[in-house]
Visitor: 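One structure, as structure tokens, below. Some questions next.
Hydrogens, waters and symmetry mates play no part in the numbers below; they use all other heavy atoms, side chains included. For this chain, numbers begin at 1 and follow the sequence in order.
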Amino acid sequence: MTLPTADTLVTYPVGDTESSSRVIHVERRDDGRVAVLLNTTAFHPVDAAWPDQGADRGALLAGDRSWTVSDCVVGATDGTALHLGDESPVRKGTEGWAFVVVHLIGQASAGQDADATGSPDDVDATALPAEGDEVVVQVDAAHRAAVSAGHTGCHLASLALNRALSDRWKKEVAPDALGAPNFDALAINTTVIGEFGSVDLYRLGKSLRRKGFTVDGLDPDALAATVNTTLATWTATGAPISIRTDGPGLTDRRRWVCALPGELAEIPCGGTHLTSLAGTAVVVQLDLGDADGTPQLRMRTRIATAGDGGHGGDGVTA
């Protein structure tokens, strides 16, 4: 089947959890999974380059057939082969390549759902979507909302952490979206975003110290108290949040924008988010540890929203 020459059009940045699409490519992978490419999708894929936010959950529907999407990843193709996730030999945006949302499914017979894991079975290939089929993408809206809250809380906490650590820099470094020294960008090791929360791990090693950061005397409890005071001030404003985008394609630049009173935060981001801080409460816990002899700061962020039933942060472990 013909591989696409243009990026997938994505509608999840504007909050869509359903989209009508046309199948443009289907192929069975060597591991038995089936990759389905659509011209347009509401599904958020995981990006191997920075897999902080995982894939959406949901299904593809065509008439009385449906397929559970077991995973959804960013893929790349030069027209000769489809490369999934970290198999891609090029970076997103490379000229001559198309970057696509790859929906990985199992098979389903007419009137029968694919199994919950999406693992393939031995039904006839006619049970698979076919190139040219019209399908509906349905995303688990509750899961999306919970992870979107977690991602928004993650951004807000990183900005508050940067501000709280601003007096620990002896040298000038690049600022964050609000003008504070960008500790988050310079020290981040990993970020995991889940339902109503996130976990960030920061390395406080020699490289960071050479940049001018002072580690001595860092009190994680006192630091968390300062961060949480800032977060309470910000969330009380109910500030609006939007996603600014340069276009509808998967690789078009997108930015998270939070219009805090007197301060506009704008951060490059390809994820999904809340539409405002109204009704939210964000708190962090900080602790110091050691990773292979290097000091490490862990920030656990929890966000409660008006509709989460009081389960803020339950979906993240680290």
Visitor: Restricting to side-chain contact (heavy atoms from CB on, under 4.5 Å), what partner residues turn up for R57, sequence neighbours left out?
Guide: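 By the side-chain contact (heavy atoms from CB on, under 4.5 Å) rule, R57 matches D140, H143, E195.
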Visitor: My understanding is that only residues two or more places apart in sequence, or in another chain, count here; which of them pass side-chain hydrogen bond (donor to acceptor under 3.5 Å, both in side chains) with T272?
Guide: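 If we apply the side-chain hydrogen bond (donor to acceptor under 3.5 Å, both in side chains) test to T272, skipping adjacent residues, the hits are Q53, S148.
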Visitor: If you look at every heavy atom in P181 and V173, which pair is closest and at what distance?
Guide: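 Reported closest heavy-atom pair: CB-CG2, 3.6 Å.
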Visitor: Should T245 and D252 be marked as a side-chain hydrogen bond (donor to acceptor under 3.5 Å, both in side chains) after you check the CA-CA gap, both sets of side-chain angles, and the distance that decides it?
Guide: CA-CA 7 Å; T245 178; D252 284 322; 5.5 Å; no
Visitor: Hey, are the side chains of R22 and L38 touching, using non-hydrogen atoms and a 4.5 Å cut-off?
Guide: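 Not in contact.
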Visitor: Are L178 and L156 linked, directly or through intermediate hydrophobic residues, by side-chain heavy-atom contacts shorter than 4.5 Å (ILVMFWY only)?
Guide: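 Yes; L178 is reachable from L156 via cluster members.
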Visitor: For residues V26 and V136: do they belong to one hydrophobic cluster (side chain heavy atoms under 4.5 Å, members Ile, Leu, Val, Met, Phe, Trp, Tyr)?
Guide: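 No; tracing contacts between hydrophobic side chains, which count when under 4.5 Å, never links both residues.
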Visitor: What residues join V90 in its hydrophobic cluster, counting side-chain heavy atom gaps under 4.5 Å, either direct or through other members?
Guide: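 V10, Y12, V74, W97, F99, V101, L250, all in the cluster of V90.
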Visitor: Give a yes or no on whether D167 atom CG has more than 12 heavy-atom contacts from other residues, nucleotides or ligands under 6.0 Å away.
Guide: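 Check passes, neighbour count above 12.
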Visitor: So do the side chains of L104 and V69 get within less than 4.5 Å of each other, counting heavy atoms only?
Guide: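 Side chain of L104 against side chain of V69, heavy atoms only: no contact under 4.5 Å found.
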Visitor: Looking only at the side chains, is there a donor atom on one of T214 and D216 sitting less than 3.5 Å from an acceptor on the other?
Guide: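 There is no such pair (donor and acceptor under 3.5 Å, judged by atom type) between the side chains of T214 and D216.
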Visitor: I need the minimum non-hydrogen distance between I303 and G197, along with the two atoms involved.
Guide: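 Minimum heavy-atom separation between I303 and G197: CG2-N, 4.2 Å.
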Visitor: Hey, what else clusters with L264 if you join Ile, Leu, Val, Met, Phe, Trp, Tyr whenever side-chain heavy atoms sit under 4.5 Å?
Guide: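 Joined to L264, directly or through intermediates: V257.
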Visitor: According to a hydrophobic-cluster definition based on side-chain heavy atoms being under 4.5 Å apart (Ile, Leu, Val, Met, Phe, Trp, Tyr only), do V283 and V192 belong together?
Guide: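 No, separate clusters.
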Visitor: Sequence neighbours left out, what passes salt bridge (Lys or Arg N to Asp or Glu O under 4.0 Å) with R253? Give chain and number order.
Guide: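 Applying salt bridge (Lys or Arg N to Asp or Glu O under 4.0 Å) to R253 gives none.
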Visitor: side-chain contact (heavy atoms from CB on, under 4.5 Å) with D184: which residues, sequence neighbours excluded?
Guide: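 Per chain and number, D184 pairs via side-chain contact (heavy atoms from CB on, under 4.5 Å) with S158, N162, N182, I188, Y202.
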Visitor: Quick one: list whatever passes side-chain contact (heavy atoms from CB on, under 4.5 Å) with D30, sequence neighbours left out.
Guide: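 Partners of D30 by the side-chain contact (heavy atoms from CB on, under 4.5 Å) criterion come out as none, since no residue qualifies.
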Visitor: Could you work out, with ring-ring contact (aromatic ring centres under 6.0 Å, His included) as the rule, every residue matching F43, not counting sequence neighbours?
Guide: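 Expected list: H103.
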Visitor: For T80 versus T77, what's the shortest heavy-atom pair and its separation?
Guide: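 Reported closest heavy-atom pair: N-OG1, 4.2 Å.
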Visitor: Quick one: side chain to side chain donor-acceptor pair (under 3.5 Å) pairs with a partner in residues 218-236, sequence neighbours left out?
Guide: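 Sorted result for residues 218-236: empty, none.
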Visitor: Can you find a pair of side-chain heavy atoms, one from R29 and one from V34, that are under 4.5 Å apart?
Guide: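 R29 does not reach V34 side chain to side chain.
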Visitor: Which is it for R300 and D287 under the salt bridge (Lys or Arg N to Asp or Glu O under 4.0 Å) test, yes or no, and what are the steps along the way?
Guide: CA-CA 9 Å; R300 293 179 60 87; D287 61 76; over 6 Å; no
Visitor: Looking at every heavy atom in both R163 and S166, which two are closest together, and how far apart are they?
Guide: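 Minimum heavy-atom contact is O-OG, 2.9 Å.
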Visitor: Are a donor atom and an acceptor atom from the side chains of N39 and S21 found within less than 3.5 Å of each other?
Guide: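 The criterion, which ignores hydrogens and geometry beyond distance, is not satisfied for S21 and N39.
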Visitor: Looking only at side-chain N and O atoms, does D7 offer a donor or acceptor that is under 3.5 Å from a partner on T251?
Guide: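 Indeed, the side chains of T251 and D7 share at least one donor-acceptor pair under 3.5 Å.
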Visitor: Please say yes or no: joined through hydrophobic side-chain contacts below 4.5 Å, possibly via intermediate residues, are L9 and V23 part of one cluster?
Guide: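 No, no single cluster joins them.
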Visitor: Looking at residues at least two apart in the chain, or sitting in another chain, which of them share a side-chain contact (heavy atoms from CB on, under 4.5 Å) with A291?
Guide: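 Listed in chain order: R203, Q296.
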Visitor: With sequence neighbours excluded, tell me which residues meet side-chain hydrogen bond (donor to acceptor under 3.5 Å, both in side chains) with T11.
Guide: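 In terms of side-chain hydrogen bond (donor to acceptor under 3.5 Å, both in side chains), with neighbours along the sequence ignored, T11 is linked to D16.
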Visitor: What's the shortest heavy-atom distance between V100 and A76, and which atoms?
Guide: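 Looking at all heavy atoms of both residues, the shortest contact is CG2-N, 4.4 Å.
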Visitor: Check the pair I267 / L159 against side chain to side chain contact (heavy atoms under 4.5 Å, CB included), numbers first and verdict last.
Guide: CA-CA 10 Å; I267 298 175; L159 291 170; 4.1 Å; yes
Visitor: S19 side chain to A42 main-chain N or O, any donor-acceptor pair under 3.5 Å?
Guide: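 Present.
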Visitor: List the residues meeting ring-ring contact (aromatic ring centres under 6.0 Å, His included) with W169, not counting sequence neighbours, and say none if there are none.
Guide: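 Expected list: F213.
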